[in-house]
Every structure is written in C-alpha cells, then in structure tokens.
Number of protein chains: 2
Amino acid sequence: MHRISCQTCPMQKCALFTPHSEEQKEFLEDFKSGELSVEPGTQILLEGSSAPQIYTVLEGMGLRDKTLENGRRQVLNFVLPGDFLGLQASVMGEMMHSIEAVTEMRLCVFRREDLWTLFRTQPALAYDVTWIAAAEEHFLGETVATLGQRDGTERVAWALLKLYQRLRGLGLEKAGQVPLPFRQQDLADALGLSLVHTNKTLSRLRSDDMADWSDGKLSVPDIQALAELAVTDPEALPRRPFL
Amino acid sequence: MHRISCQTCPMQKCALFTPHSEEQKEFLEDFKSGELSVEPGTQILLEGSSAPQIYTVLEGMGLRDKTLENGRRQVLNFVLPGDFLGLQASVMGEMMHSIEAVTEMRLCVFRREDLWTLFRTQPALAYDVTWIAAAEEHFLGETVATLGQRDGTERVAWALLKLYQRLRGLGLEKAGQVPLPFRQQDLADALGLSLVHTNKTLSRLRSDDMADWSDGKLSVPDIQALAELAVTDPEALPRRPFL
DNA sequence: CGGGCCCTTGAGTGTCCTCAAGTTATGTGG
DNA sequence: CCACATAACTTGAGGACACTCAAGGGCCCG
C-alpha cells in the first residue's frame, strides 16, 4: 500500500466536497502523517482513551457508538468516506464514544498536536474544522428529534433515507442501489429499537415498495414517498468542507 | 440598561469558565457589538432563518428546540448562562432549530461577520469556538444515547442530574436547591416522553427522595443514588472556554 | 368570578419489547 | 463430503411500558 498525495486525493474529485486551494493542499500534504488500513471489526478510536490521532475516512464504512454503564449500545452515527474522526478527543482531551470499522477501511492520519498549527497558520481550514463540528452537531440534533418524536416506522424510514442520500452524494449509487454493509442490529441500536421490531419494520417497508435493504444493498424506488413516511424533506445534502 | 465591559464580565469570575488573557479581553471588547435583553417567551433565533448574530448568554434560561413537519416538538437542550448561541447559523448558513427565552434573559451580542476576523487574528479563540462546538456535539451524543437506550425513569433521572450539575457548576445553588424555571412539558419534549408519564415519573422520584423538582426549584438529596438510577457517572463538569 | 395555564391523577389502549424457535449462509475440522 | 458451529436474518406469541383520552384542582390575572 502506498501513500496517496493530497494533490491527487480521490476526495478532491467528489462533487460533494468543496475543493482546497493550492496552498491548502500543500499544508495538508505536511499535516498528513500517513495512512492506515484496517480490517473489519477493528476499533479505530476507543471510548475513554485520549487518541493521539485524527483521521479522515478515505474508503470503507464504520460505526460511531457508545456503550452505557448497563451494557446497552447506542450507535451514534454511521461513518462514511469523507468523515472526520477524533476531533472530540483532540479538543476535549478524551473520546466519549468508540469508532469501529465495519468493512475494510482506509484512513488518512493526522497528528493531533499539529491541529494547533493548523489553527495558527490556516484560519480558513480552522474554519472548516469548526464547520464540520457544527454540521455534526446539527446531524445529532436531527437524530435526537428522531428518537424523541418519531415512531418506529418513521425512524427506520428516516434513517434509510439519510443513508441513501449520503451514499448517493458520495457517488456510490450503481443501478439504483447503494452499498449498505451494516447489520440490522446496528440500525436497531442507532434508532433505539429492538432487533425484532427493526426487522419487521424493514420487511414492511420492503413489501410496501418504500425501501429495500437486503444483501448489504439499499434501494429506494420513490424518495419522495419515503421522505413523507419519514416526516422529513427529501432535500439533497449541501456541499461540505473536508480535510 | 448599560453595557458591561468584557473586562468586568461576570462570566470571568465563575470558576467553571477558563479565563481570557488580556489581549483576548481586548479583542472581545471589540468583537462584542452590544447587549440584548429579552422577555420570557421571546424567540431569540428562528429555525430556518439565517441569523446575523451570535450570542453568549449572560443571564437567564431558555430552550433550544426543533419542530418536525408533523408539528411535534423536540427540545434539544436547555440554554443556561455561558452558552454560545447561533454558531450553526454562522458557519452553516442557517439555523436548524429555534431558541426561545423561558425567563428574562440578557445576552452578549456578536456580529456574525466578525467571526471570520476572530479566526484570522485569534487562533486561540477560534480553537475555543471549536471546543465549544465539539462539547455541544458530545452532549447531543449523550442525549441520543439517553433517548435510544434509557427507559422513562432513567431518562428523567439523567436529565435532572445533568441540569443539577450544570446549574451547580454555575454557582446557582442556594440552600441545596437550584432554580429550574421550566415546565414539565419542556422536560417531556426533551426526553421524548408524554407529559403525563413525565409527571408521574417526577412524582415517583419525589416520593422516593431521589430528586424534588417543584415550584421551579430542583433539589437532589443524594447525587450518587440519582446517578445510579440514571445509569451514569456523577462526574463534575470540566472547565470550559467561553466567549 | 370566569378563563388560562400548568400540574395531577385515573382508566383503557397500543406500540414496541422480550422470549423463543427456526431458517439460511458461511466456515471449520474430521 | 458431511457433521457441527456460528452469525445474521425471520417469524410468532405474550406481556409491559408508555401513550392517549379524560377530568379535576390550584393559581394567577383580567
């Protein structure tokens, strides 16, 4: 495995992300301390530890989760390419959730101490980091509203819609299908539903032609209809910065 | 009402907040564009609007909430003194939730356009802004875990504990009580529970001597016991930056 | 004194949970 | 090549936690 230059980073090409200036690419080239490839099941960041690294996901998917004292697990978000990992640990000193690889993943690695240099010398990139944190906060706010106010069917519909939109934005759609290599248990833990109920809800959505998630692939025949079921707007995702 | 200088800002004295350097205080003095006092019930920031301002809460309390297309309301967080409001609108262009004053409030007002100047000239303060965003993200993550994995009693206990800790950190405890001027409906909407169920749960906690919230005041006889009920650590809050 | 707003309490219902069993696909070792 | 084990997905049955509906009480204010 060889190192990819930021100059030719595949992320740059994806229309979802705002491109960097020449100067920024040069800085990031330095900022990047290496690459990391991990197998499915690997814990990338651990709850309670103070990770010395920050990552940007280049390829593969994972899960952000948090386990309570009583052992129950909450999935906070699904980790997709372009996601920025470890900022919490960097600014606050400690991760409060874990990140686990679900598929094989390739990560761009940054050194935590260099983040301060970024803030001193690259205000525009610092602003981007804040943008990313605010966007994450915004998404978690939507999740809170979902768990608090939507019933089971609406939750599942909402989650599938969001994932479909995100994956499509990344250009991963092929023949009307996007890859979604998670387990039903993961979705259940993300939505605060039992596995059994999640399974039955998914079956219903499938037979109602609202959304079909099977064999690790998701297809949505009618986005508008699914969005209505999810009590949400089917708005496309905005362009966003990345590192 | 007269303007308070950042030099003598009451926030500076609260042990919960990390103090600013002299240079930072001078910058903030300029950054601050004024003060705002609002009556209970006032909408400070509106969902879907692009507010031109950012605020720091000096006094009073409020609510951050979000309403779904079907009309149901989710309270995202309780707004307390020291909180930083409007960052999402500033970096992302639009608020995705509203903020409403519950008591009379006094706010420190910043101009949105000046945020960029802050990032260019005050990297340490920019870092603080990111810290705040990350902390907010962290808290919302805990909330997601609460709504997803805790039952009714645990949720109420968790919320009361968090609020008690925050208010105590602000030095608002008097004779074993902290002020909590919200309605039961607000707590219900924050926890995804019905008003009726929230009410019954609060009664139970009261008669079990776990937590007593009545007449707008909250007291917690045994923090440790409440924390156990809430399936959480009764850890004190860390020091945090503010603007 | 009437009307709101908030808190309180009781009764009946339903969504979602747990328990349990069975199917399919994949992999491992004899 | 087949017995066995494991992991994920399915499906059915019964129960519980939390919901809605409904009504009443305390308080403040016009």
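Proteins get letters first, then strands, A, B, ... in listed order; numbering begins at 1 in each.
Atom CG of N199(A) and atom P of dT10(D) are 5 Å apart (whole Å). Rounding to whole angstrom units, CG of residue L147(B) and C1' of dC17(D) are separated by 16 Å. For the pair L187(A) CG and dT10(D) P, the interatomic distance rounds to 12 Å; values are reported in whole Å. Look at NZ on K200(B): it is 12 Å from P on dA18(D), rounded to the nearest Å. Following rounding to the nearest Å, L195(A) (CG) and dC9(D) (C1') show an atom-to-atom distance of 8 Å. Between L191(B) atom CG and dA18(D) atom C1' there is a gap of 13 Å when expressed in whole angstrom units.
Of the options L187(A), D186(A), L191(A), a side-chain contact (heavy atoms from CB on, under 4.5 Å) to T198(A) is made by L187(A) and by none of the others.
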(message) Quick one, E136(B) with N77(B), criterion side-chain hydrogen bond (donor to acceptor under 3.5 Å, both in side chains). Give me CA distance, side-chain angles, the key distance, then yes/no.
(response) CA-CA 10 Å; E136(B) 206 73 51; N77(B) 201 353; 3.3 Å; yes
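Taking a heavy-atom distance under 4.0 Å as the criterion, the stretch of DNA chain C touched by chain A extends 5' to 3' from dC16(C) to dC19(C).
Contacts of R150(A) with the nucleic acid, taken as non-hydrogen atoms under 4.0 Å apart, are absent. When heavy atoms are screened at a 4.0 angstrom cut-off, G192(B) is found touching the sugar-phosphate backbone but no base atom. Among the atoms of the strands shown, none is found under 4.0 Å from any heavy atom of R155(B). Here S214(A) lies out of heavy-atom contact (under 4.0 Å) with every strand.
Of the candidates dA8(D), dT10(D), dC21(D), dA8(D) carries the atom nearest the R183(A) side chain, counting heavy atoms from C-beta on. Side-chain proximity of V196(B) to the nucleotides dA18(D), dT11(D), dA22(D) is greatest for dA22(D).
Shortest non-hydrogen contact noted between A211(B) and L218(B) is CB-CD1, 4.4 Å. When all heavy atoms are compared, the tightest approach of Q149(B) to L68(A) is CB-CD2, 4.1 Å.
Counting only heavy atoms from C-beta outward, the side chains of D83(A) and R166(A) approach each other to under 4.5 Å.
For Q185(A), no side-chain nitrogen or oxygen approaches OP1 or OP2 of dA7(D) to under 4.0 Å.
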